[in-house]
Amino acid sequence: MIHGRDNESTALGARAAAACRGETGCVVLTAPPGYGKSVLLDALLRAPACRDMTVLRAHCGEAAGGAGAYAGLRSLFAPAGAPAPDRLEPEPGEDSPAMFLPGPGDAQRFTLTSAYPVFRRLLGHVLRITADRPLLLVLDDAHHCDEHSLRWLEFLLRRAAGQPLLVVLGRSSGADPRAPRAWADLLAHPAVSVLPLGPLGTDAVGGLAEEVFGTPAHPRLAERVAAVTGGNPRTAVRLLRELRRRGAAPDEAGAQQAWELGGGMAARSVRRVVDRESAVVRCVATAIALLGSTQSPESVAVLAQVDRAQAEEAIAVLRHAGALTPDGTALVHEAVRSALLEPLGTARTADLHARAALLLSDAGRPVEEVARHLMRMPRAREPWMTAVLRDAAARAEQRGAFVEAAGCLRRVLEAEPDDIEARLRLALAVAPDDPLSAVPLFRAALAGTADTRARAAIAVQYAMACLSVPLPAACRAEILGALETAWDVLASGPERAPQLRDQVATVLLLMGRRGTGVAAREHRGTVTASYRLRTDRQQTEALAALRTALAGHSREAAVEGARRALATPSLQQPPWLLFTAAATLGLADETTEAHTALDTMLRREGDEPTAWVRVLAGSLRSHLLHRDGAVLDAAAEARSTIAAAGRTNCEARLVTARAVLASVLVDRGEPQQAERLLDRIGRSEPSGSALAYLLYLHTHARTRWANGNPRQALRLLRECGAVQETAGVLSPVLTSWWVDTCLILATIRPAEGRELAEQGAERARRWGTPRALGLAALAAGVLTPGRAGLDLLAESAHQLSRSPAVAAYARAEYALGRALLLHGDEAGARERLRKAAGIAGGCGALALAESARSLLVSAGGRMGHAADAPTGGLLTTTELKVAGLAVSGASNRQIAQRLFVTVRTVESHLTNVYRKLGVRRRDQLTDALRAVHGRSWPLPGWSVLEGA
């Protein structure tokens, strides 16, 4: 069976059929060795069109080509020995070619005068054959053919026009013809057409693999084999058979084995070929190995110090040898590059890389290409090299390729260790992948800078890049020292920088410190170089918006600032900018936009976000999901985040995720497990973000309260409030510590909570979201007796029903139902408690749902089918939550919000699944699903993957 040659087989069959109709023609089948010319010719002879033809076929090998004049024609018309099965031997006699063709060893030079009698007699012989039946002449390896035979074929095509005749010549495109001038004249004839054989594609190689292994092969295996063999059928079959011999399976693991084994085979084969070739080919091979892919023949020629024609000829030799891809633009495998460069030695290779870099730089090639050669040198030797590396790092930063930028900047620092700007850029490039490794770089940049403004700018980047990283006390102290020193200095005088001062204020809030107003003090660090201060507008907008939100000043200003920061996304921006904007939007209850910002944060890092970025985004997403009442989704996201961090062995990053998971356990009625989970965090204040510590304190207080220790819970809640106040975080919705404090005090000492409730109400009115206003009314309502308290609780339920805070809405309905029951309104209490149970059960807050059901029963009610959350094993968790909201009277906004976050969560998880399976194209997945299920399926989450 021939794989991947359907078009060529059809074309040859059509030419044979045309010859049977009286159309004289000649086809030259060209391909590198191993591409299957002979196999295709065999298939032609089996074609239906050839069954009624007289077939003369011969192989013109090197020995036959050296046997003198007419060697090719003798192999066709007067072969020695027995005739081949597919040859019709003419009757012996004086008209037999064996009688008039010169014998072997005749080395006469071609002249038309001496050859004409032989040409005429052989033409007559052919015409007698075609008068009886159509004739097919097939000569394989015709590049070895002698001049006399080729000239006669041209003579035949001119004299036999209109005869049922087809000539098929197989010629290797990787070999020099024995008679180039005769070939040129033959190819110029109008009846001659050239049919080139290209490399096999992935599908054809997959067919070969199935033939070798006896079972369908994984698409990745076919893809890898096609790439490493350059689509050469003979090499592909040899590789596949070797894989089978070694016990490999035609699966994804076998694909990796094929890539490694095929690379080694290609390297050895290319090395043997290059060693046999001329010095020109060896120089060109070295130049291609150095320059890499997509280089012009001119660049290769200059580096190899040959002319362009020589370079193109050498490239053709290397392509036919399997060193290059079929288009000749790239090496098939890195092993081939290593094999070509290995004989040079380290010093010679470095010199050639320097020469290649200079060549490409002079040719105006992109700095990334020039830098690629500089990176392969032991060091940058000259100033222009470090300049190129800086430019290449800047381009990489613009693309978000921080790893590539880091490599260039390390080389810059090796040459210029006192460059503070390069050190800071290196720290920012390293931070997205490994913030802990960036810490010493930030410290060195900070220590090497004396200017107050520059130190403050570095400290801002330092703190935000390491937002969730456990920093040692010394590191926190130097960050805080730089920020606090700059606080007053940046307010007035020549150092005045209001935008930078806003950033300093925000970072101080995040680290749990207000601006202290300390006097500016001299920094005694070693000043090695100046640092040019750069104020990024988007970073300024994002930090200013978060500061406004944390301070609880103006929701509108915070949202507008966050949106401006996200308006023109750039891959050059650090991941924490999107995190900051998402946190601001989450506090403002613009949850949809917050989740979108987190999606962008993950996608901007490429197909596979770094573990740190996943932990940072996942921690915030799980918190947003939980505060909106998506309890089960929050738990799933928190567990995914913990798993992502587990691969980095950095437990200290998980304060937020573990706190969210503990809160979920409390909501689910499992406070003892929540307590054990919090014990893994530890009691000491985390050394990262103060916001994570606040969340930890609040969750710990809820856990103690749920475990029956309200006084311990009260102490932790007050500590949480004190930390917020100390840091200047006056937002009423960052944590609801003040609401929980009022709920506890309402049962033991109501009078103590009224001042706190009033303070919370004032801050809630300033912030103005329905969540904040609803929480304020809840805190005041549980402390206020009589009808006034009932009115406040009713207002709380109304406000929270307009917010995304589903669980808080359920809590307000529960508090109102309980108060109505105590007030004697059992009918009203039953209505509210039934609604609270349905909402809480629908969002996964089982403890609250059970409390509401118990109180409902004591009020003489029961959960009816109309009000209860749907049950039964046929509904999914998501359907239960959404349906529970719908039947419990939730607003359309809340239902839509829940659907949005659920879909986002599902898409996020499925995207990770697709990546782990190695799926990169839609057709890969649809084909696999169709193979298993017989039809295609919708692909949820694919839009997220395609946007990556």
Side-chain angles (χ1 to χ4, degrees), residues 19 22 24-28 45 53-171 177-183 185-187 189 191-192:
T24 303
C26 177
V27 178
V28 180
L45 301 186
M53 301 181 76
T54 299
V55 177
L56 299 180
R57 181 182 182 184
H59 176 83
C60 191
E62 289 189 68
Y70 301 102
L73 296 180
R74 276 197 307 274
S75 62
L76 272 174
F77 294 101
D86 60 352
R87 180 180 292 108
L88 179 64
E89 185 72 13
E91 293 293 330
E94 63 179 11
D95 289 331
S96 172
M99 303 299 295
F100 57 78
L101 281 173
D106 188 340
Q108 61 177 298
R109 185 177 178 183
F110 175 79
T111 63
L112 185 58
T113 302
S114 61
Y116 186 77
V118 178
F119 280 16
R120 287 287 302 173
R121 295 187 71 177
L122 191 56
L123 173 63
H125 178 73
V126 168
L127 292 177
R128 283 191 291 274
I129 295 175
T130 56
D132 182 35
R133 299 173 70 189
L135 175 63
L136 173 61
L137 300 178
V138 180
L139 191 60
D140 206 353
D141 284 340
H143 49 281
H144 294 309
C145 196
D146 60 281
E147 184 177 5
H148 288 74
S149 298
L150 292 173
R151 294 293 185 185
W152 179 81
L153 289 174
E154 181 192 358
F155 178 86
L156 173 66
L157 293 175
R158 289 201 307 267
R159 300 297 195 279
Q163 298 297 318
L165 170 68
L166 176 63
V167 179
V168 180
L169 305 176
R171 173 181 170 177
R178 187 176 298 275
R181 294 185 61 182
W183 266 109
D185 292 341
L186 177 63
L187 292 174
H189 195 282
V192 178

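Note that the numbering runs from 1 along the sequence shown for the chain.
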Colleague: How many angstroms lie between CZ in Arg121 and OH in Tyr116, if you round to the nearest 0.5 Å?
Modeller: 13.5 Å
Colleague: Can His144 and His59 be said to form a side chain to side chain contact (heavy atoms under 4.5 Å, CB included), step by step?
Modeller: CA-CA 9 Å; His144 294 309; His59 176 83; over 6 Å; no
Colleague: May I ask you to decide if Thr111's main-chain N or O and Ser114's side chain share a donor-acceptor pair within less than 3.5 Å?
Modeller: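 Here the side-chain-to-backbone pair exists.
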Colleague: Quick one: does Asp185's side chain have a donor or acceptor within less than 3.5 Å of a partner on Arg151's backbone?
Modeller: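 Not confirmed, Asp185 side chain does not pair with Arg151 backbone.
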Colleague: Run through Leu187, Asp141, Leu139, Asp140 and flag the one making a side-chain contact (heavy atoms from CB on, under 4.5 Å) with Arg171.
Modeller: Leu187
Colleague: Nearest 0.5 Å please: distance from the CD1 atom of Ile129 over to the CG atom of Leu136.
Modeller: 11.5 Å
Colleague: Nearest 0.5 Å, please: how far is CG in Leu122 from CG in Leu127?
Modeller: 10.0 Å
Colleague: Hey, could you give me the CH2/NE2 distance between Trp183 and His143, rounded to the nearest 0.5 Å?
Modeller: 9.5 Å
Colleague: Any idea which heavy atoms bring Asp146 and Ala179 closest together, and the distance?
Modeller: C-CB, 4.4 Å
Colleague: Enter the distance from Leu73:CG to Cys145:SG here, rounded to the nearest 0.5 Å.
Modeller: 6.5 Å
Colleague: Is the side chain of Arg74 donor-acceptor paired with the backbone N or O of Pro102 at a distance under 3.5 Å, no angle test?
Modeller: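 Yes, the answer is positive, given that a donor and an acceptor are paired below the 3.5 Å cut-off.
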Colleague: With a 4.5 Å cut-off on side-chain heavy atoms, are Val55 and Leu45 touching?
Modeller: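 Yes. Closest side-chain heavy atoms under 4.5 Å.
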Colleague: Quick one: pull up CZ in Phe110 and NE2 in His148 and give me the separation to the nearest 0.5 Å.
Modeller: 6.0 Å
Colleague: Do you know which two heavy atoms are closest between Ala71 and Ser149, and how far apart they sit?
Modeller: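 Minimum heavy-atom contact is N-OG, 3.9 Å.
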Colleague: Show every donor-acceptor pair shorter than 3.5 Å between a side-chain atom in residues 152-169 and any protein atom, with sequence neighbours excluded, or say none if there are none.
Modeller:
{"residue": "Trp152", "atom": "NE1", "partner": "Phe119", "partner atom": "O", "Å": "3.4"}
{"residue": "Glu154", "atom": "OE2", "partner": "Arg158", "partner atom": "NH1", "Å": "3.0"}
{"residue": "Gln163", "atom": "OE1", "partner": "Thr130", "partner atom": "OG1", "Å": "3.4"}

